[in-house]
Student: 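Starting off with a structure, shown below.
Keep in mind that this is a model prediction, so the values were computed, not measured.
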Amino acid sequence: MPPIVTDQMGRKVQLPAPPLRIVSLVPSQTELLSALNLNEAVVGITKFCVHPEDWFRSKTRVGGTKEVKMKVIADLSPNLIIGNKEENSPEDIRALEKDYPVWMSDIEDLEDALDMIRTIGLLTDRQPAAEELAGKINGAFIALGQQIQRLPQVSAAYLIWRDPYMVAGRETFIDEMLQRAGFSNVFSRERRYPEVSLDAIAAREPEVILLSSEPYPFKEKHIAELQAACPTSDIQLIDGELFSWYGSRLLQSPDYFRALRGR
């Protein structure tokens with residue numbers, strides 16, 4: 001009898017042992033599968049799974065994270081699909097789980113991310129590599145925390161979208177990463193990703209405004225409008241992947257956060 005596991009949404013999932021045909025519906029988890037040397041096992045990814053680049057060029061793309069192509073997935077005959085509560089639509093997941101084992105992550109903080117990494121290692125018969133990776137990430141963040149706690153907190157607004165402006169609030173992985181980097185989120189009273197006006201951003205008086213590279217690709221040309229509304233804020237373009245990708249890319253985040261804080 002194949003093993004039954006519980007995913008991070010509390011769902012019971014019956015798995016093959018081990019899965020040999022995997023479809024990943026989440027970019028950061030796709031990159032994790034590559035870090036675990038699962039090139040032959042991964043048969044499908046999304047159009048947003050840009051890392052690693054050779055997979056993006058060569059693997060079958062099954063649509064986006066929100067609108068997957070059911071026929072393409074069926075043609076791949078997967079025996080494990082890996083998704084995420086926030087990234088994927090409930091309707092797609094309900095349709096897929098009728099025919100395939102679907103393991104879902106639900107990531108809000110670093111501990112969730114480390115648990116996801118270890119569990120995917122278990123699911124894919126890559127436990128030693130996953131444990132080593134999780135340990136390195138955890139150690140890097142412990143070292144970061146020891147440095148950051150000696151610095152004053154800097155108030156920040158983290159923008160993920162424009163027209164309308166949207167920010168990262170509490171109960172998000174981005175908010176967790178902001179805290180780990182020593183930033184105080186001025187929108188921590190709001191849940192998830194609220195829409196805000198320029199006046200609302202200015203009213204919070206953030207010392208720093210962080211313009212993410214994703215999902216909206218903020219560029220230099222977008223700084224002027226925000227600077228006019230928030231003349232005393234330091235406005236920075238930042239790498240959103242290092243704040244929001246919760247797989248193997250987390251290894252790079254602590255050094256990036258140190259650089260942002262000037263350390």
Side-chain angles (χ1 to χ4, degrees), residues 2-16 19 21-33 42-51 59-120 122-124 158 160-161 164 166-177 187 190-196 212 214-216 240-241 243-247 249:
I4 296 176
V5 298
T6 302
D7 68 12
Q8 290 184 313
M9 291 178 62
R11 301 159 61 257
K12 299 292 186 183
V13 184
Q14 190 167 65
L15 298 171
R21 298 187 62 79
I22 303 169
V23 168
S24 174
L25 302 180
V26 184
S28 59
Q29 291 173 184
T30 296
E31 187 177 40
L32 169 63
L33 294 170
V42 175
V43 295
I45 62 176
T46 78
K47 64 182 180 181
F48 301 117
C49 295
V50 295
H51 302 299
K59 299 284 186 186
T60 298
R61 300 182 198 173
V62 300
T65 53
K66 302 294 185 188
E67 296 179 354
V68 303
K69 298 177 180 179
M70 299 296 172
K71 176 63 166 59
V72 175
I73 289 180
D75 289 344
L76 292 173
S77 301
N79 58 7
L80 175 63
I81 297 175
I82 297 174
N84 173 265
K85 180 182 178 180
E86 181 176 293
E87 294 274 353
N88 306 129
S89 76
E91 295 78 15
D92 283 346
I93 297 306
R94 282 195 292 268
L96 290 168
E97 66 185 0
K98 293 177 181 177
D99 297 312
Y100 316 101
V102 181
W103 188 92
M104 298 290 288
S105 63
D106 183 11
I107 312 291
E108 190 172 311
D109 56 29
L110 182 61
E111 288 306 313
D112 291 338
L114 296 175
D115 177 72
M116 178 274 292
I117 290 169
R118 294 184 180 106
T119 303
I120 286 183
L122 174 66
L123 302 181
T124 59
Y158 187 107
I160 66 162
W161 201 257
M166 296 175 68
V167 297
R170 73 175 190 276
E171 298 175 27
T172 63
F173 188 70
I174 291 171
D175 183 58
E176 161 88 351
M177 292 295 102
F187 287 100
E190 286 79 11
R191 292 186 65 254
R192 307 299 290 163
Y193 304 103
E195 293 183 14
V196 297
S212 181
E214 62 165 46
Y216 185 89
E241 292 177 356
F243 277 89
S244 63
W245 284 40
Y246 36 75
R249 189 154 292 253

Student: Any idea which heavy atoms bring Phe173 and Ala113 closest together, and the distance?
Tutor: CE1-CB, 4.2 Å
Student: Can you tell me if Asp106 uses its side chain to pair, donor with acceptor, with the backbone of Met9 under 3.5 Å?
Tutor: no
Student: Measuring from Gln29:CD to Ile22:CD1, what's the distance to the nearest 0.5 Å?
Tutor: 11.5 Å
Student: Measure the CE-OH distance between Met166 and Tyr158 for me, rounded to the nearest 0.5 Å.
Tutor: 13.0 Å
Student: Mind listing the closest non-hydrogen atom pair of Gly240 and Ser212 along with its distance?
Tutor: CA-OG, 3.2 Å
Student: Considering only heavy atoms from C-beta outward, does the side chain of Leu32 approach that of Met116 to under 4.5 Å?
Tutor: yes
Student: We want to know whether Asp115 and Gln8 form a side-chain donor-acceptor pair, criterion being a heavy-atom distance below 3.5 angstrom.
Tutor: yes
Student: Taking all atoms of both residues into account, what is the closest heavy-atom pair of Glu241 and Arg249, and its distance?
Tutor: OE1-NH1, 3.3 Å
Student: How about Lys47: does its NZ atom have over 12 heavy atoms from other parts shown lying under 6.0 Å from it?
Tutor: no
Student: Would you call Met104 and Val13 a side-chain contact if the rule is heavy atoms closer than 4.5 Å?
Tutor: no
Student: Do you see a donor-acceptor pair shorter than 3.5 Å between the side chains of Asp175 and Thr172?
Tutor: no
Student: Return the CD to CD distance between Glu171 and Glu190, rounded to the nearest 0.5 Å.
Tutor: 11.5 Å
Student: In the structure I gave you, are the side-chain heavy atoms of Tyr246 and Asp112 within less than 4.5 Å of one another anywhere?
Tutor: no
Student: Below 4.5 Å, heavy atoms only, C-beta onward: do Val167 and Pro194 meet side chain to side chain?
Tutor: yes
Student: Among Leu96, Thr60, Val43, find the one that has a side-chain contact (heavy atoms from CB on, under 4.5 Å) with Ile73.
Tutor: Leu96
Student: Any sub-3.5 Å donor-acceptor pair from Asn84's side-chain atoms to Val26's backbone N or O?
Tutor: no
Student: Counting only heavy atoms from other residues, nucleotides and ligands, does the tally under 6.0 Å from CD of Glu91 exceed 12?
Tutor: yes
Student: Quick check: does any side chain N or O of Glu31 sit under 3.5 Å from a backbone N or O of Gly247, one acting as donor and the other as acceptor?
Tutor: no
Student: Would you confirm whether Lys85, through its side chain, and Ser105, through its main-chain N or O, come within 3.5 Å as a donor-acceptor pair?
Tutor: no
Student: May I ask you to decide if Leu25's main-chain N or O and Asn88's side chain share a donor-acceptor pair within less than 3.5 Å?
Tutor: yes
Student: Report the C-alpha separation of Trp103 and Ile120 in whole Å, then their side-chain angles, then the decisive distance to 0.1 Å, and conclude whether the side-chain contact (heavy atoms from CB on, under 4.5 Å) test is met.
Tutor: CA-CA 9 Å; Trp103 188 92; Ile120 286 183; 4.2 Å; yes
Student: Could you pull out the closest heavy-atom pair between Pro78 and Val23, with the gap in Å?
Tutor: CB-CG2, 3.8 Å
Student: For the NE2 atom of His51 and the CH2 atom of Trp245, what is their distance to the nearest 0.5 Å?
Tutor: 4.5 Å
Student: Measuring from Leu15:CG to Tyr100:OH, what's the distance to the nearest 0.5 Å?
Tutor: 15.5 Å
Student: Can you tell me how far apart CZ (Arg192) and CD1 (Ile174) are? Round to the nearest 0.5 Å.
Tutor: 9.5 Å
Student: For residues Thr65 and Pro27, report the shortest heavy-atom separation together with the two atoms involved.
Tutor: CG2-CD, 3.9 Å
